[in-house]
There are 2 protein chains.
Amino acid sequence: MSDRFYYGNVLILCLLLFSKKNNFKDKLLIMINFKRSVNCGGCNDCNMKSPLFSLLNEEELALVNKDRFEVSYRPGEMIFKQGTASTHILMLTSGLVKLYLEGYNGKNLILKVVKPHQMFGGRGLFYDNRNYYTAASLDNTTVCFVNVENFKKCVRTNPDFAEKFIEHLNRTSVYILSRFVDLTQKQMPGRVADALLYLANDIYESNPFKVTLSRQDFAEMTSLSKESFIRILKEFKDEGLIVMNGDFIEIAKMDALKKISQVG
Amino acid sequence: MSDRFYYGNVLILCLLLFSKKNNFKDKLLIMINFKRSVNCGGCNDCNMKSPLFSLLNEEELALVNKDRFEVSYRPGEMIFKQGTASTHILMLTSGLVKLYLEGYNGKNLILKVVKPHQMFGGRGLFYDNRNYYTAASLDNTTVCFVNVENFKKCVRTNPDFAEKFIEHLNRTSVYILSRFVDLTQKQMPGRVADALLYLANDIYESNPFKVTLSRQDFAEMTSLSKESFIRILKEFKDEGLIVMNGDFIEIAKMDALKKISQVG
DNA sequence: AATTTTGATTGATTTAAATCAATATGTTGA
DNA sequence: TCAACATATTGATTTAAATCAATCAAAATT
């Protein structure tokens with residue numbers, strides 16, 4: 001655990017001790033007893049960081065915590081595969097994960113990138129408990145596995161939790177719908193612009209940003225061939241829209257790129 | 001109301017009077033007091049026909065029934081529009097409805113076709129209560145509008161209902177995901193085959209079937225231009241895969257068409 | 001019945017993007 | 001340090017599908 005991370009935690013602790021929000025004192029007691037790991041301090045971490053898990057009460061939190069476990073992955077490793085049984089809801093503790101559909105002739109389609117403290121998996125929940133996409137690490141990554149049966153119990157006992165979970169499902173769906181239109185109707189420059197804006201603004205939340213995606217990943221994200229993606233990227237570079245430096249990409253003309261994204 | 005429909009109802013009534021399933025006697029009492037219309041006998045109809053609404057108890061059913069109303073549409077009429085507030089969950093009582101995304105330059109993308117006793121709307125539920133697609137009638141259609149606040153109350157009070165609703169959301173999502181891959185990876189013949197198989201097997205559930213979709217609708221369903229769709233359809237006809245007669249299409253070689261769908 | 005309008009069909013042409021092929025650059029491992 | 005391999009880039013060519021332009025057929029309107 002880095003020093004920065006440690007001091008950050010201490011700061012949050014102090015702030016919360018003086019606030020009455022979320023029954024902090026009670027939660028503190030549970031926290032001390034929870035299993036801890038390198039990457040998180042038990043479900044209380046999520047309880048504070050995730051708008052979903054913060055809705056659980058002590059008892060529910062303990063239930064979720066009971067069977068949870070963490071796994072680390074190196075870049076490129078698969079976390080779960082499309083078609084297999086969905087036995088856990090996953091929470092990304094650190095790193096970056098890609099969710100993709102395995103299509104025809106070995107062609108994949110990256111649906112979205114997951115960043116820390118976001119949930120994934122569970123699309124088959126209450127349906128047929130299967131995974132409908134594959135998840136793979138893009139980085140050194142740690143993932144927390146929450147038993148799906150325990151999760152389901154919480155959905156049943158806690159209406160706020162159920163509502164928030166439905167919100168999560170719908171938010172993801174709505175995002176996928178927007179990508180659906182983008183990939184079927186925009187042409188190459190618009191789709192490449194979308195991918196760059198998505199990474200800078202939503203995923204890495206910095207500009208310039210260091211990409212851990214391969215060109216192949218980018219291609220699967222924009223539903224283009226690798227070569228076509230590279231060509232458009234080069235055009236953007238030649239036009240001064242972006243600056244590339246090693247693994248870093250900087251969006252130099254944000255407004256111009258947004259315009260390309262909108263025009264399609 | 002047609003005679004066939006009437007006798008069908010009487011038959012169901014008799015069968016249920018002798019069964020102990022679903023507290024039928026209690027429900028009968030409510031039924032008599034419920035608002036009735038040409039197309040349905042109040043929410044009890046749904047209570048019997050929909051796997052979702054059949055999970056509601058008397059009280060919840062009465063709540064849902066309180067503010068519900070029915071509207072009829074002629075072919076082509078819009079039911080709700082993408083971007084507007086989602087104030088109701090809708091249940092199709094008769095006819096056929098297309099759900100489509102409004103994309104760029106007036107191009108639409110038909111997500112799915114809804115058939116009677118299926119629910120639609122509510123994708124923005126618990127999220128931002130907006131409609132993320134447009135719904136329009138493909139036929140003479142009647143739709144039952146259920147107040148979204150009443151629906152939400154049922155989700156909170158009835159965990160079985162909540163679970164079934166999540167199942168519905170996930171089932172739809174999973175279908176959309178499969179279409180996502182199909183439309184971005186298959187080429188024209190595969191997509192046209194998909195559309196024909198979908199209509200015959202899932203929507204009209206008959207072969208031959210009478211199409212109420214225009215060529216433009218087909219194009220928006222396959223993400224092709226109208227002309228390209230027509231060309232492939234003609235190819236299929238020339239090859240004897242399908243037989244066309246007026247508004248009717250018959251899939252003559254089901255296995256061959258399925259093969260084309262799979263190959264892409 | 002004649003006319004206008006709308007939707008469906010067919011053909012010719014253009015365009016976007018994939019594929020194929022070659023080269024370059026970077027990484028890993030002996 | 002250099003080979004072996006993977007990944008990235010660039011160029012030439014092909015292909016799939018859109019667009020453009022007519023024509024045809026079927027409704028709707030006068």
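Naming: A, B, ... by sequence-line order, numbering from 1 per chain.
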Rounded to whole Å, the CD-P distance (E220(A) to dT7(D)) equals 12 Å
For Y204(B) and T212(B), test the side chains for any donor-to-acceptor distance below 3.5 angstrom and give the result as yes or no. yes
For A135(B) and F120(B), which heavy atoms make the closest approach, and how far apart are they? CB-CE1, 3.8 Å
Counting heavy atoms from C-beta on, name the nucleotide in dA8(D), dA17(D), dA8(C) closest to the side chain of I230(A). dA8(D)
Would you call the rings of F69(B) and F145(B) parallel, tilted or perpendicular if under 30° counts as parallel and over 60° as perpendicular? parallel
What pairs with N108(A) under side-chain contact (heavy atoms from CB on, under 4.5 Å), at least two apart in sequence or on another chain? Y100(A), E102(A), E220(A)
For L224(B) and dA8(C), give me the distance from atom CG to atom P, rounded to whole Å. 15 Å
Do the side chains of R171(B) and E167(B) get close enough for a salt bridge, i.e. N-O under 4.0 angstrom? yes
Would you tabulate the side-chain donor-acceptor contacts of residues 247-264 of chain B under 3.5 Å, counting partners in other chains and residues two or more places apart, or write 'none'?
residue, atom, partner, partner atom, Å
S261(B), OG, D194(B), OD1, 2.7

Over how many whole Å does the gap from L213(B) atom CG to dG7(C) atom P extend? 14 Å
Between CE of M244(B) and C1' of dT10(C) the distance, given in whole Å, is 13 Å
Can you measure E235(A) atom CD to dT10(D) atom P for me and round it to whole angstrom units? 12 Å
At how many degrees, to 10°, do the end axes of the helix from dA1(C)-dT30(D) to dA30(C)-dT1(D) meet when each uses five pairs? 30°
Nearest-Å distance, NZ (K237(B)) to C1' (dT10(C))? 11 Å
So does K107(B) get a side-chain nitrogen or oxygen closer than 4.0 Å to the phosphate oxygens (OP1/OP2) of dT19(D)? yes
Just the rounded figure in Å: distance from P of dG7(C) to CG of D217(B). 11 Å
Whether S214(A) contacts dT7(D) is assessed here as follows: a side-chain N or O lying under 4.0 Å from the phosphate OP1 or OP2. Is that the case? no
According to side-chain hydrogen bond (donor to acceptor under 3.5 Å, both in side chains), who are the partners of S137(A), at least two apart in sequence or on a separate chain? T141(A)
Residues pairing under side chain to side chain donor-acceptor pair (under 3.5 Å) where one sits in residues 109-119 of chain B, two or more places apart or in two chains, turn out to be K115(B)-E205(B)
Does the side chain of Y132(A) come under 3.5 Å of the side chain of N170(B) through a donor N or O and an acceptor N or O? no
Protein N or O to nucleotides 20-28 of chain C N or O, pairs below 3.5 Å:
residue, atom, partner, partner atom, Å
dC20(C), N4, E227(A), OE2, 3.3

K226(B) side chain N/O closer than 4.0 Å to the phosphate oxygens (OP1, OP2) of dA8(C)? no
Note: D217(B)-K98(B) ion pair, threshold 4.0 Å (strictly below): yes
dA17(D) phosphate, OP1 or OP2, under 4.0 Å from S225(B) side-chain N/O: no
Does a side-chain N or O of K234(A) approach OP1 or OP2 of dT9(D) to a distance below 4.0 Å, or not? no
Starting at atom CZ of F229(B), determine the distance to atom P of dT19(D), rounded to an integer number of angstrom. 17 Å
Reckon S223(B) touches a base, only the sugar-phosphate, or nothing at all at heavy-atom distances under 4.0 Å? sugar-phosphate
